[in-house]
A.B. asks: 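If you scroll down you'll find the structure; I have some questions about it.
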Amino acid sequence: MKVSLLGTGRMGQGLIKVLSPHIKGIIWGSRTPVKVNHLINELKCEGVQSATYEEALEADIIIHSLWFRDLLPFAEENKKKLANKILVDIVNPFTEDFSDFTTEWGTSAAEELQKVIPDTKVVGAFKNTFFKIFDNPLHNGLESDVYVTSDHEESRQTVITLLEPLPFRVFDGGVLKNNRTIERMTLFEREMAIRYGHYPYVSFRLFGNEKTNE
Ligand SMILES: NC(=O)c1ccc[n+]([C@@H]2O[C@H](COP(=O)([O-])OP(=O)(O)OC[C@H]3O[C@@H](n4cnc5c(N)ncnc54)[C@H](OP(=O)(O)O)[C@@H]3O)[C@@H](O)[C@H]2O)c1
């Protein structure tokens with residue numbers, strides 16, 4: 001299966017660091033592909049192929065790193081290209097000042113995305129993983145958690161299998177509706193990390209579960 005990543009911002013650069021050693025030939029798309037070429041050298045991610053968004057959308061599994069305000073128009077515009085594919089969604093729908101969410105309590109960004117592209121299998125992941133974690137994924141020798149969600153059971157399992165070699169504990173997070181909680185957990189962890197002085201190095205680890213990635 002071909003895998004691509006869209007976007008070269010903080011999460012895009014973080015994700016490529018952990019994805020590229022395990023997913024050979026991963027395609028990294030940007031509105032400015034020349035930027036990808038520079039970043040591939042700078043970050044020393046061998047085997048990564050630079051691409052336009054159009055080329056990256058040819059992959060079977062597409063991981064995006066767009067903001068929520070840009071995501072729904074992007075999904076609407078590329079509905080046909082995204083049909084029958086897996087789109088991994090990392091969005092948290094924060095307000096501009098990061099004080100709240102732009103979505104109502106009874107929904108989530110992942111569910112809103114799925115509504116716009118019903119023929120695509122939306123899979124949530126990495127919503128609680130702040131970009132600094134990718135530089136140093138283990139804290140005191142322990143991995144943090146990634147909760148993988150989807151209403152498409154098979155696609156959820158496909159993404160879990162894809163992410164399992166990465167330095168994270170990858171969990172089946174259930175259906176997309178769980179993102180109403182998961183996305184809001186990010187708002188809370190951000191506030192806590194700022195209060196306790198370790199923002200933006202923050203992620204979650206569920207206590208009591210013995211799962212390791214070894
Ligand atoms: N920052 C975090 O720690 C964190 C943690 C968890 C989840 N997230 C989620 O991850 C997403 C990205 O966050 P980020 O911090 O990586 O943001 P960022 O640094 O601003 O990067 C966003 C990227 O989106 C791409 N993009 C595509 N279409 C765009 C458009 N119309 N306008 C602007 N940019 C566009 C750009 O990549 P190209 O220029 O290469 O096209 C841009 O670099 C957000 O949805 C956020 O909620 C972030």
Side-chain angles (χ1 to χ4, degrees), residues 4-19 26-40 42-43 45 48-57 59 62-78 81-82 87-103 108-114 116 122-137 139 144-149 163 166 168 170 173 179-194 198-204:
S4 70
L5 171 67
L6 306 180
T8 54
R10 295 176 301 179
M11 288 298 279
Q13 290 184 41
L15 282 163
I16 204 72
K17 288 175 197 161
V18 295
L19 292 170
I26 186 168
I27 301 159
W28 195 7
S30 172
R31 292 170 300 170
T32 326
V34 67
K35 188 178 170 193
V36 178
N37 289 326
H38 291 306
L39 284 170
I40 289 172
E42 195 183 308
L43 304 175
C45 359
V48 174
Q49 301 174 41
S50 73
T52 60
Y53 276 2
E54 202 172 356
E55 290 161 344
L57 285 171
I62 300 150
I63 305 166
H64 83 80
S65 66
L66 277 65
W67 284 99
F68 189 51
R69 60 173 181 257
D70 302 318
L71 180 63
L72 297 191
F74 175 83
E76 184 69 56
E77 197 182 316
N78 292 288
K81 284 187 189 137
L82 288 165
L87 179 63
V88 178
D89 172 47
I90 69 164
V91 155
N92 293 300
F94 290 137
T95 53
E96 292 288 329
D97 64 357
F98 297 95
S99 66
D100 210 334
F101 271 22
T102 58
T103 45
S108 62
E111 289 168 278
E112 294 304 309
L113 176 62
Q114 184 67 88
V116 172
V122 172
V123 179
F126 292 111
K127 298 214 176 217
N128 308 130
T129 317
F130 274 78
F131 69 99
K132 272 286 174 196
I133 294 290
F134 298 102
D135 291 338
N136 197 3
H139 180 61
S144 66
D145 295 347
V146 173
Y147 306 117
V148 179
T149 54
L163 300 181
L166 273 58
F168 293 95
V170 180
N179 287 293
R180 298 175 190 186
T181 304
I182 293 169
E183 292 172 8
R184 286 180 185 275
M185 282 160 63
T186 312
L187 196 62
F188 178 63
E189 69 177 324
R190 183 180 182 277
E191 179 184 324
M192 293 294 280
I194 291 170
H198 56 95
Y199 178 80
Y201 187 73
V202 54
S203 193
F204 276 108

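Remember, it's a predicted structure, so these values are computed and weren't measured experimentally. All ligand and atom numbering here is 1-based and tracks the order in the structure.
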A.B. asks: Within a strict 4.5 Å, meaning less than it, do heavy atoms of the Leu15 and Phe126 side chains meet?
C.D. replies: yes
A.B. asks: Check the surroundings of atom CZ in Phe188: do more than 12 heavy atoms from other residues, nucleotides or ligands lie under 6.0 Å from it?
C.D. replies: no
A.B. asks: Taking heavy atoms and a distance under 4.0 Å, where does Lys127 meet ligand 1: side chain, backbone, both or neither?
C.D. replies: backbone
A.B. asks: For atom 9 (C) of ligand 1, what is the closest protein heavy atom, and at what distance to 0.1 Å?
C.D. replies: Ile90 O, 3.5 Å
A.B. asks: Heavy atom under 4.0 Å from ligand 1: found in Thr129's side chain, backbone, both, or neither?
C.D. replies: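 Backbone only.
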A.B. asks: Assess the residue pair Ile40 and Ser50 against the criterion (side chain to side chain contact (heavy atoms under 4.5 Å, CB included)); give the C-alpha distance rounded to whole Å, side-chain angles, the decisive distance to 0.1 Å, and a yes or no.
C.D. replies: CA-CA 8 Å; Ile40 289 172; Ser50 73; 4.2 Å; yes
A.B. asks: Hey, is the main chain of Gln13 close enough, under 3.5 Å, to the side chain of Trp28 for a donor-acceptor pair?
C.D. replies: no
A.B. asks: Suppose we measure from atom 46 (C) of ligand 1 to each protein heavy atom; which comes out shortest, and what is that distance?
C.D. replies: Trp67 CZ3, 3.7 Å
A.B. asks: List the atom of Pro93, the atom of Phe68, and the distance in Å for their closest heavy-atom pair.
C.D. replies: CB-CD2, 3.5 Å
A.B. asks: Please list the nearest protein heavy atom to atom 48 (C) of ligand 1 with its residue and the distance rounded to 0.1 Å.
C.D. replies: Met11 CG, 3.3 Å
A.B. asks: Are any of the heavy atoms in Leu66 under 4.0 Å away from ligand 1?
C.D. replies: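 It does; at least one heavy atom falls under 4.0 Å.
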A.B. asks: Among all protein heavy atoms, pick the one closest to atom 3 (O) of ligand 1 and tell me residue, atom and distance.
C.D. replies: Phe131 N, 2.8 Å
A.B. asks: Answer yes or no for Phe126: is there a heavy-atom contact with ligand 1 below 4.0 Å?
C.D. replies: yes
A.B. asks: Record the part of Asp70 in heavy-atom contact with ligand 1 below 4.0 Å; permitted values are side chain, backbone, both and neither.
C.D. replies: side chain
A.B. asks: For atom 47 (O) of ligand 1, which protein heavy atom lies nearest, and how many Å away is it?
C.D. replies: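 For this ligand atom, the closest protein heavy atom is Asn92 N, 3.1 Å.
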A.B. asks: Side chain, backbone, both or neither: which part of Tyr53 has a heavy atom under 4.0 Å from ligand 1?
C.D. replies: side chain
A.B. asks: N/O to N/O below 3.5 Å, does that happen between Val91 and ligand 1?
C.D. replies: no
A.B. asks: Give the minimum heavy-atom separation between Leu43 and Ile16, together with the two atoms involved.
C.D. replies: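 Looking at all heavy atoms of both residues, the shortest contact is CD1-CG2, 3.8 Å.
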A.B. asks: Quick one: does Pro200 get a heavy atom under 4.0 Å from ligand 1?
C.D. replies: no
A.B. asks: With respect to atom 24 (O) of ligand 1, which of Ser65, Gly9, Gly7 exhibits the smallest heavy-atom separation?
C.D. replies: Ser65
A.B. asks: Return the closest protein heavy atom for atom 39 (O) of ligand 1 as residue, atom name and distance.
C.D. replies: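 Residue, atom and distance for the closest contact: Arg31 NH2, 3.0 Å.
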A.B. asks: To which of Arg10, His64, Arg190 does the heavy atom nearest atom 1 (N) of ligand 1 belong?
C.D. replies: Arg10
A.B. asks: Decide if the gap between the ring center of Phe94 and the ring center of Phe101 is smaller than 6.0 angstrom.
C.D. replies: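 Judged by ring-centre distance (under 6.0 Å), Phe94 and Phe101 do meet the cut-off.
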A.B. asks: Taking 4.0 angstrom as the limit and counting only heavy atoms of Thr8, give me the atoms of ligand 1 inside it, by number and element.
C.D. replies: 37 (O), 38 (P), 39 (O), 40 (O), 43 (O)
A.B. asks: Can the positive tip of Arg190 be found less than 6.0 Å from the middle of the six-membered ring of Tyr199, inside 45° of the ring normal?
C.D. replies: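 Flagged: Arg190 positioned over aromatic ring of Tyr199.
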A.B. asks: Do Glu189 and Arg184 sit within salt-bridge range, that is, some charged N less than 4.0 Å from a carboxylate O?
C.D. replies: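 Salt bridge: no.
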A.B. asks: Quick check on the 6.0 Å ring-centre criterion: do Tyr147 and Phe204 meet it?
C.D. replies: no
A.B. asks: Can you see whether Asp100 engages Thr95 through a side-chain donor-acceptor pair at a distance of less than 3.5 angstrom?
C.D. replies: no
